[in-house]
Every structure is written in C-alpha cells, then in structure tokens.
S.K.: 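To start, I am sharing the structure in question, which I have written as structure tokens.
Worth saying up front: this structure is predicted, and the values here are computed from it rather than measured.
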Amino acid sequence: MNKTIKRTLIGIVSVVVILAILMGGFYFKMKSELKKMSVIETSQVAPNVFAIKDSFVNMFLVKDSDNYVAIDAGSDIKTIGKELETEKIDPEKVVAVILTHTDGDHVAALQLFKNATVYLSKNEEQMINGKRAKMMFFHNKMSATKYTVLDDQQTIQVGNVNIKGIMTPGHTPGSMSYVVNGKYLFVGDAFGLNNGKIDTPNKFFSGDMKTAIQSFQKINNLQGVDYIFTAHNGFTDNYKNAVNTLLK
C-alpha cells in the first residue's frame, strides 16, 4: 500500500470517527433534553379542548359540535390513533389541522386526518419545499402535499372556530402561534412554560434564540386570552400571570 492511499484511508477513518463522536454527543444531548419535557396526559384540559399525548409532545383538538380542529399532528401516527381512541374521537371528524411549525414531531399523523385542510404560516413553507434546512442538510418533510398558507395576523373561520395566526419565529423561521376563539393561545415550540410563566423555548432545538425572545412581544398583550398551551411544557389557564414578567 503506497503512502498516498494510506494517508487517504487514515483521513477517511478520522472523518468517520469524528462524525460518529459528534452524532453520539448530539444523540445523548437530545435524549437529555427530551427528558426535561413535561407533557399532558391525553384528556380534556379546557372547555372543548383536548390534549393528545404522543411521547414527549402534545397535539391539541378543539371541538366544534361533531367536528374538531387540530393544532399540530404529533410525532407518531400509531400513537396518535390509539390516543384518539381513548377519547372516542374519530380522526375523520378532524376538519382542519393548524400547524405551529413543520418539525417531525408535529406532522407525523397528518395522514390520519383524511378530511382535514392543513394550514401553516407562509414563512414556514421554506422548511418543507427544500429552500431552508432544519439542520445542516436535513429538511423537514410532511405527508400533506396540499396545504394553505397563512399571513401574520390573518384570521380564518373553520365552522364555529375562529383562528388568528400570529408569527412567532425563532424556533423555526415560520413558527406561528394561534389564538383560537379569542381565549386559547397555542404556541407550539415558540415558547415554553416554567412554573406557570412564559419561558424561552428549548435552546438545543431552537434555531434562532434572539428572534425567539423578540417574538415574546407578539403575545404579551393579547386581550381576552385565558389559556396558553405549549407542545412540550403543558399549559396554564392564567395568561396574565404567565406573561406578567418579560423574558430574561
């Protein structure tokens, strides 16, 4: 074996070892951060609002007569299906899915909701059309090929459910929070909750913490809101207390 080939092989092995160490470190850090999350058991958590637990994440359903509007779609389609069964909720009664963003733990069960129109923010579309990578060269994917994009502050009506989208970027460039029926605020991963107070999103998973903190100003003075629901840190029924102090 000549010196050139030997050096090349050593270089390749070195790169592989470094990548393995980095990936291993990323995996263990990710597992550690996931253990810190505190999600709600599948149940009705507010009038006409259901939390659906999927491992380390919650999706939510807002009931409208016999139909439902979903906020996000979980990380595992089988788990979501089983959890819906426990609440006797027919996935075919879900007529809309409102995505806070398109990370894999928020879109996995979209195929389960065959009769639903999917909505996401206009700025989030770049995360699924190949224009913007979530991390390095990894791009978000989702099974829904048809969807409707929403502008900042846009309001839509789905049956008797009124939904207002508020751009709260940071976790992803297109993260959007939603005020539903004037009193329920769903923030996805845009913010966390800590002892009943709005907290910064998880630093390990968020793309732009500076922008995420600035987005707090978009939701800190919403009139009529009572509840805040997060994807990974539970909920509060005391909006005023949650936003009483600015993020540090």
Side-chain angles (χ1 to χ4, degrees), residues 27 30-31 33-35 37-45 48-64 66-121 124-130 132-135 138-150 158-159 161 163 171-172 174-178 180 184 186-190 201-202 205 229-235:
Y27 175 81
M30 180 180 70
K31 286 291 186 181
E33 294 300 321
L34 291 178
K35 289 180 181 179
M37 296 176 178
S38 178
V39 296
I40 313 163
E41 295 296 326
T42 296
S43 60
Q44 183 172 349
V45 292
N48 295 317
V49 178
F50 295 81
I52 306 298
K53 180 183 177 182
D54 185 356
S55 184
F56 57 88
V57 64
N58 282 124
M59 61 167 287
F60 297 92
L61 293 165
V62 177
K63 184 175 173 60
D64 175 26
D66 291 333
N67 296 324
Y68 297 86
V69 172
I71 294 84
D72 292 329
S75 65
D76 181 79
I77 190 169
K78 290 184 179 179
T79 300
I80 293 296
K82 290 178 181 178
E83 294 299 295
L84 291 176
E85 284 183 12
T86 67
E87 292 295 323
K88 296 181 173 58
I89 295 173
D90 182 355
E92 294 191 2
K93 295 290 187 178
V94 175
V95 295
V97 180
I98 313 298
L99 296 177
T100 60
H101 62 295
T102 59
D103 285 353
D105 56 334
H106 293 255
V107 301
L110 285 176
Q111 287 183 315
L112 196 63
F113 307 124
K114 299 177 182 179
N115 298 321
T117 301
V118 177
Y119 297 87
L120 65 151
S121 83
E124 186 69 9
E125 190 175 21
Q126 64 186 302
M127 302 299 294
I128 57 172
N129 64 12
R132 181 74 173 259
K134 172 65 177 178
M135 183 179 59
F138 294 101
H139 291 81
N140 284 353
K141 297 179 180 180
M142 68 179 196
S143 57
T145 56
K146 295 182 179 180
Y147 51 82
T148 299
V149 295
L150 302 175
V158 180
V161 180
I163 303 159
H171 179 73
T172 67
S175 289
M176 179 171 268
S177 298
Y178 299 95
V180 176
Y184 301 130
F186 297 90
V187 300
D189 292 5
N202 187 290
F205 294 107
F229 299 93
T230 73
H232 301 286
N233 302 113
F235 79 103

S.K.: Under the 3.5 angstrom rule, does the side chain of Asp54 hit a backbone N or O of Asp76 as a donor-acceptor pair?
M.R.: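 Between the backbone of Asp76 and the side chain of Asp54 there is a qualifying donor-acceptor contact (under 3.5 Å).
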S.K.: Within a reach of under 6.0 Å around NZ of Lys93, are more than 12 heavy atoms found that belong to other residues, nucleotides or ligands?
M.R.: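 Counting other residues, nucleotides and ligands, NZ of Lys93 stays at 12 neighbours or fewer.
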S.K.: Working to the nearest 0.5 angstrom, can you tell me the gap between Glu41 CD and Glu83 CD?
M.R.: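 Atom-to-atom, Glu41:CD and Glu83:CD are 8.0 Å apart.
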S.K.: Is there a side-chain contact between Leu84 and Leu112 in this structure, where contact means two heavy atoms from C-beta onward sitting under 4.5 Å apart?
M.R.: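 In contact.
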S.K.: Looking at Leu61 and Ala70, what are the two nearest heavy atoms and their distance?
M.R.: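 Nearest heavy atoms, Leu61 then Ala70: CD2-CB, 3.5 Å.
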S.K.: Enter the distance from Ile128:CD1 to Asp103:CG here, rounded to the nearest 0.5 Å.
M.R.: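 The distance works out to 11.5 Å.
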S.K.: Main chain of Leu99, side chain of Tyr178: is a donor-acceptor contact present, judged purely on distance under 3.5 Å?
M.R.: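 Pair found, side chain donor or acceptor close to backbone of Leu99.
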S.K.: Looking at OH of Tyr68 and CG of Asn48, how far apart are the two atoms once the value is rounded to the nearest 0.5 Å?
M.R.: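 So the OH of Tyr68 and the CG of Asn48 are separated by 9.0 Å.
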S.K.: Give a yes or no answer on whether the side chain of His232 reaches the backbone of Phe56 with a donor-acceptor pair at less than 3.5 Å.
M.R.: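 Looks like yes, one N/O pair under 3.5 Å.
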S.K.: Mind listing the closest non-hydrogen atom pair of Ser121 and Gly174 along with its distance?
M.R.: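 Closest approach of Ser121 to Gly174: OG-O, 2.6 Å.
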S.K.: Tell me whether Asn58 contacts the main-chain N or O of Ile52 through its side chain, where contact means a donor paired with an acceptor under 3.5 Å.
M.R.: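 Side chain of Asn58 to backbone of Ile52: a pair is present.
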S.K.: Minimum heavy-atom separation for Ala190 to Ser177, with atom names?
M.R.: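 Where Ala190 meets Ser177 most closely, the heavy atoms are CB-OG, 4.1 Å.
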S.K.: Between atom CD1 of Ile71 and atom CZ of Phe50, what is the distance when rounded to the nearest 0.5 Å?
M.R.: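 If we round to the nearest 0.5 Å, Ile71:CD1 and Phe50:CZ are 12.0 Å apart.
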S.K.: Please check: side-chain N/O of Glu124 versus main-chain N/O of Thr102, any donor-acceptor pairing under 3.5 Å?
M.R.: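 Looks like yes, one N/O pair under 3.5 Å.
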S.K.: Can you find a pair of side-chain heavy atoms, one from Val57 and one from Asp72, that are under 4.5 Å apart?
M.R.: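 No; the side chains remain at least 4.5 Å from each other.
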S.K.: Taking all non-hydrogen atoms of both residues, which atom of Glu125 and which atom of Val149 are closest, and how far apart?
M.R.: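 In this case the closest contact between Glu125 and Val149 is OE1-CG1, 4.0 Å.
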S.K.: Side chains of Glu87 and Thr42: do they bring a donor and an acceptor to under 3.5 Å?
M.R.: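 Glu87 vs Thr42: no donor-acceptor pair found between side chains.
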S.K.: In the structure I gave you, are the side-chain heavy atoms of Asp64 and Val158 within less than 4.5 Å of one another anywhere?
M.R.: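 The answer is no, as the side chains (C-beta and beyond) never meet within the 4.5 Å cut-off.
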S.K.: For a quick test of reading the model, state the closest non-hydrogen atom pair linking Pro91 to Phe113 and the distance between them.
M.R.: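 Of all heavy-atom pairs spanning Pro91 and Phe113, the closest is O-CD2, 3.6 Å.
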S.K.: Applying side chain to side chain contact (heavy atoms under 4.5 Å, CB included), run through Asp189 and Thr100 and close with a yes or a no.
M.R.: CA-CA 8 Å; Asp189 292 5; Thr100 60; 5.8 Å; no
S.K.: Tell me, do His101 and His171 make a side-chain contact under 4.5 Å, heavy atoms counted?
M.R.: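 Result yes, sub-4.5 Å side-chain heavy-atom pair found.
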S.K.: Using a 3.5 Å distance criterion without hydrogens, assess whether the side chain of Asp90 forms a donor-acceptor pair with backbone atoms of Glu92.
M.R.: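 Yes; at least one donor-acceptor contact below 3.5 Å.
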S.K.: Under 6.0 Å from the CD atom of Gln44, do we count more than 12 heavy atoms belonging to anything else shown?
M.R.: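 Above 12, so yes.
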S.K.: Rounded to the nearest 0.5 Å, what separation is found between the CG atom of Leu110 and the CD1 atom of Ile80?
M.R.: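 Atom-to-atom, Leu110:CG and Ile80:CD1 are 10.5 Å apart.
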S.K.: Compute the centroid of each ring, for Phe229 and then for Phe186, and state whether the two points are separated by less than 6.0 Å.
M.R.: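 Close enough - the centres of the two rings lie under 6.0 Å apart.
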S.K.: If you round to the nearest 0.5 Å, how far is NE2 of His106 from OG1 of Thr172?
M.R.: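 Separation between the atoms: 9.5 Å.
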S.K.: Minimum heavy-atom separation for Val97 to Ala116, with atom names?
M.R.: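 Minimum heavy-atom separation between Val97 and Ala116: CG2-CB, 3.8 Å.
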S.K.: Determine, step by step, whether Tyr119 and Val69 satisfy the side chain to side chain contact (heavy atoms under 4.5 Å, CB included) criterion, reporting the C-alpha distance in whole Å, the side-chain angles of both residues, the deciding distance to 0.1 Å, and the verdict.
M.R.: CA-CA 11 Å; Tyr119 297 87; Val69 172; over 6 Å; no
